[in-house]
Chemist: 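Sending over a structure as structure tokens; questions will come in a sec.
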Amino acid sequence: MTSLFALVDCNNFYASCERVFNPSLEGKPVVVLSNNDGCVIARSGEAKALGIGMGTPYFELRDLIKREGVAVFSSNYELYGDMSARVVETLSQFSPHVEVYSIDESFLDLGDFYKVDLQAYAREIRQTVRQWLGMPVAVGVAPTKTLAKVANRIAKKSPKADGVLVLTDERHIEAALRRTGAGDVWGIGHRYARKLAGYGVHTAWDLRNVTDAFAKKHLTVVGLRTVRELRGEPCIDLELVPPAKQNICTSRSFGEAVTELDEVAEALATHVVRCATKLRKQGSKATAMTVFLMTSRFAGEGECYSNSRTLTFDAPTDSEPELIGKALKALRQIFRPGFRYRKTGVLLLDLVPANSMQLSLLDTVDREKHALLMHTLDTLRERYGHYAVKYAAQGTGEGSWQLRQENLSPCYTTRLEGLIRAR
């Protein structure tokens, strides 16, 4: 079978999600802010044209935003995650094998599609995602994943390509690589690009033509794989099942400085629930946990404090009541009164498969009962939303530790109260 990959990339994904449910934003500059409305993490094309850079603090842009009529949104990860899942579900109509590379990018295996009109098929993918979901995407098709990345990049930037580029002809591949900088190649980056420039390697075409020995010496084995991919040799397979994470962390900065133990505990309990949900989703259990707490790094002298505590469990667990209890015990050990805390979090460590774990003779927890409870909670949250069922330790959700989200859009696709109402 001949290898062929399509990379489908959502254009300005977070900003586009906001536009899907507010068509009046089409053609207008849109920015999305990070947690606590701190800095810019996504921009529409119009916002980029205004010179708004990634990571720019929000407070520095207030005058520009007001003057240019920029639409500002707090990050709505519940909406973005659901829209991403809908895009992937749509793409699965076009290939039985889809790798979710990131929240806004997916690779499709088109290895059996050489006999079809690839240009027309790629354009159908693009038009279908746009029609079904209102999401603009670019599609790059090529014999390797690295070349598909190159094709996708040009498809987004070239008016002639209009969102779709197929690179299967050697002449077209050469032309595409000649117009692509070495630092813009997937897996190379600007640090390696500066190093390569010293050897006269400036474009992706230059990189394709280096020797294997040069690539291995200066770019390691991973770089050699990239060079071979640029030559059209498939070296990177689709990852249809993402590898299980070795540890899972959940933490958030507080919306405001917190001084009371009870409020920090509410935040930590909420993070533990999130972390445990991710743990069960990948079919793992944790054998250890680290809880950490800190003030602002920029606090004055005598006002800075950070600490952590690591606990090892008698038996691997994914039980929220058990994890919350242990996390709060660790928090009480490291909490110091008199400080203005800005962040807490939990890190689950030494993960093991849930179906092949080592039990302990000293374990006194009713594992079967806890497993049934977790299954019930997961089912309820899947149906009614993650906050449908909460522990008393999580509080009422009105504490000052909650994220500051002054420009949050509704969760249009996941909450009944967020549904658009026709008048």
Chemist: Hydrogens and angles aside, do Glu266 and Tyr391 bring a side-chain donor and acceptor to less than 3.5 Å of each other?
Modeler: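 Note: Glu266 and Tyr391 side chains miss the donor-acceptor criterion.
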Chemist: Any salt bridge between Glu233 and Arg208, counting N to O under 4.0 Å?
Modeler: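 No, this pair does not count.
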Chemist: Is a side-chain N or O of Lys145 found less than 3.5 angstrom from the main chain of Asp237, in a donor-acceptor match?
Modeler: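 Checked: pair present.
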Chemist: Under 3.5 Å, is there a donor-acceptor pair linking the side chains of Ser95 and Asp109?
Modeler: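 Note: Ser95 and Asp109 side chains miss the donor-acceptor criterion.
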Chemist: Do His97 and Leu108 come close enough that some side-chain heavy atom pair is under 4.5 Å?
Modeler: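 Side-chain contact under 4.5 Å: no.
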Chemist: Could you tell me whether Arg274 and Glu320 have a side-chain N and a carboxylate O separated by less than 4.0 Å?
Modeler: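 Not counted as a salt bridge, because no side-chain N and carboxylate O are separated by less than 4.0 Å.
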Chemist: Quick check against the 3.5 Å criterion: does Ser34 have a side-chain atom that pairs as donor or acceptor with the backbone of Cys39?
Modeler: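 The answer is yes, because a donor-acceptor pair under 3.5 Å joins these two groups.
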Chemist: A quick test of your reading: do over 12 heavy atoms of other residues, nucleotides or ligands sit less than 6.0 Å from NZ of Lys195?
Modeler: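 Enclosed.
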Chemist: Evaluate the criterion side chain to side chain donor-acceptor pair (under 3.5 Å) for residue pair Tyr412 and Glu18; output intermediate values, then yes/no.
Modeler: CA-CA 10 Å; Tyr412 299 102; Glu18 301 293 351; 5.3 Å; no
Chemist: Strictly distance-based, threshold 3.5 Å: is any side-chain N or O of Arg43 a donor or acceptor partner for the main-chain N or O of Ile52?
Modeler: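 Pair found, side chain donor or acceptor close to backbone of Ile52.
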Chemist: Test your reading of the model: is there a side-chain donor-acceptor pair from Thr344 to the backbone of Leu268, 3.5 Å cut-off?
Modeler: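 Not a single qualifying donor-acceptor pair exists.
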Chemist: Would you call Arg178 and Asp206 a salt bridge, using N to O less than 4.0 angstrom?
Modeler: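 Result for this pair is no, no salt bridge flagged.
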Chemist: Determine the sole option in Arg280, Lys281, Arg383 for which the salt bridge (charged side-chain N to carboxylate O under 4.0 Å, His left out) test with Asp378 is passed.
Modeler: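 Of Arg280, Lys281, Arg383, salt bridge (charged side-chain N to carboxylate O under 4.0 Å, His left out) with Asp378 is met by Arg280 alone.
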Chemist: Answer yes or no: are there more than 12 heavy-atom neighbours, outside Leu416 itself, under 6.0 Å from its atom CG?
Modeler: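 Check fails, neighbour count at 12 or below.
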Chemist: Side-chain contact test, heavy atoms from C-beta onward, threshold under 4.5 Å: evaluate it for Ser158 versus Leu165 and give yes or no.
Modeler: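 The answer is no; the side chains never approach within 4.5 Å.
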Chemist: Kindly state whether the ring of Trp186 and the ring of Phe107 have centres lying under 6.0 angstrom apart.
Modeler: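 For Trp186 and Phe107, the ring centres are under 6.0 Å apart.
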Chemist: Distance from Ile173 atom CD1 to Arg171 atom CZ, nearest 0.5 Å?
Modeler: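 That separation rounds to 11.5 Å.
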Chemist: Got a sec: does the CD of Gln93 have more than 12 other heavy atoms crowding it under 6.0 Å?
Modeler: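 For Gln93, atom CD is crowded (more than 12 foreign heavy atoms under 6.0 Å).
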Chemist: Is the backbone N or O of Glu105 less than 3.5 Å from a side-chain atom of Asp9, with the two atoms forming a donor-acceptor pair by type?
Modeler: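 Side chain of Asp9 to backbone of Glu105, a donor-acceptor pair under 3.5 Å: no, none is there.
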Chemist: Would you call Glu174-Arg179 a salt bridge at under 4.0 Å N-O?
Modeler: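 A salt bridge is absent here (no side-chain N lies under 4.0 Å from a carboxylate O).
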Chemist: Main chain of Tyr80, side chain of Ser84: is a donor-acceptor contact present, judged purely on distance under 3.5 Å?
Modeler: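 Judged by distance alone, no pair lies under 3.5 Å.
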Chemist: I would like to know whether Arg404 and Ser74 meet side chain to side chain donor-acceptor pair (under 3.5 Å); could you show each step before the answer?
Modeler: CA-CA 8 Å; Arg404 185 168 61 250; Ser74 303; over 6 Å; no
Chemist: Quick one: OG on Ser44 to CZ on Arg19, what's the gap to the nearest 0.5 Å?
Modeler: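 Between atom OG of Ser44 and atom CZ of Arg19 there are 4.5 Å.
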Chemist: So with a 6.0 Å cut-off around CD of Glu368, is the heavy-atom count from everything else above 12?
Modeler: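 Atom CD in Glu368 is not packed in, count stays at 12 or less.
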Chemist: Once rounded to the nearest 0.5 Å, what's the spacing between atom NZ of Lys156 and atom CG of Asn12?
Modeler: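 Between Lys156 NZ and Asn12 CG, I get 7.5 Å after rounding to 0.5 Å.
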Chemist: Could you check, using the six-membered ring where one of them is a Trp, whether Phe214 and Tyr199 have ring centers closer than 6.0 angstrom?
Modeler: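 That pair passes the under 6.0 Å test.
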Chemist: Would you say Asn76's side chain and Pro410's backbone share a donor-acceptor pair under 3.5 angstrom?
Modeler: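 Here the side-chain-to-backbone pair exists.
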Chemist: Indicate yes or no: does Arg231 engage Asp212 in a salt bridge with an N to O separation below 4.0 Å.
Modeler: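 Salt bridge present between Arg231 and Asp212.
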Chemist: Around Arg381, counting heavy atoms of other residues, nucleotides and ligands shown, do more than 12 lie under 6.0 Å from its CZ?
Modeler: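 Yes, the 6.0 Å shell around CZ holds more than 12 heavy atoms from other groups.
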Chemist: Any carboxylate oxygen within less than 4.0 angstrom of a Lys/Arg side-chain nitrogen, looking at Arg86 and Asp82?
Modeler: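 A salt bridge is present here (some side-chain N lies under 4.0 Å from a carboxylate O).
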Chemist: Would you say the ring centers of Phe254 and Tyr341 fall short of 6.0 Å from each other?
Modeler: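 Distance test on ring centres: not under 6.0 Å, no.
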Chemist: Could you walk me through whether His370 and Ser319 pass side chain to side chain donor-acceptor pair (under 3.5 Å), step by step?
Modeler: CA-CA 6 Å; His370 279 237; Ser319 167; 2.5 Å; yes
Chemist: If you draw the axis of the six-membered ring of Tyr58, does the NZ or CZ of Arg62 fall within 45° of it and under 6.0 Å from the ring centre?
Modeler: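 Judged by the rule, Arg62 and Tyr58 form a cation-pi pair.
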Chemist: Contact between Arg130 and Pro136 at the side-chain level, heavy atoms closer than 4.5 Å - yes or no?
Modeler: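 Side-chain contact under 4.5 Å: yes.
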Chemist: State whether the number of non-hydrogen atoms from other residues, nucleotides or ligands found under 6.0 Å of Lys48 atom NZ is greater than 12.
Modeler: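 Atom NZ in Lys48 is packed in, count exceeds 12.
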Chemist: So does Lys278 have more than 12 non-hydrogen atoms from other groups sitting under 6.0 Å from NZ?
Modeler: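 More than 12 within 6.0 Å, yes.
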Chemist: Look up atom OH in Tyr77 and atom SG in Cys411, then write down how far apart they are to the nearest 0.5 Å.
Modeler: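 So the gap between those two atoms works out to 13.0 Å.
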Chemist: Mind checking the NZ-OG1 spacing from Lys326 to Thr312? Nearest 0.5 Å is all I need.
Modeler: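 With rounding to 0.5 Å, NZ (Lys326) is 10.0 Å from OG1 (Thr312).
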Chemist: To the nearest 0.5 angstrom, please state how far the CG atom of Leu25 sits from the CD atom of Glu46.
Modeler: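 Reported value, rounded in 0.5 Å steps: 10.0 Å.
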Chemist: Taking the side chain as C-beta and beyond, is there a heavy-atom pair between Val185 and Thr146 under 4.5 Å?
Modeler: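 Touching, per the 4.5 Å side-chain cut-off.
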Chemist: Has Thr203 got a side-chain atom pairing as donor or acceptor with Gly181's backbone, closer than 3.5 angstrom?
Modeler: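 Side chain of Thr203 to backbone of Gly181, a donor-acceptor pair under 3.5 Å: no, none is there.
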Chemist: Tell me whether Tyr14 contacts the main-chain N or O of Val31 through its side chain, where contact means a donor paired with an acceptor under 3.5 Å.
Modeler: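 Checking the backbone N and O of Val31 against the side chain of Tyr14, no donor-acceptor pair under 3.5 Å is found.
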Chemist: Has Thr144 got a side-chain atom pairing as donor or acceptor with Leu147's backbone, closer than 3.5 angstrom?
Modeler: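 Confirmed, Thr144 side chain pairs with Leu147 backbone.
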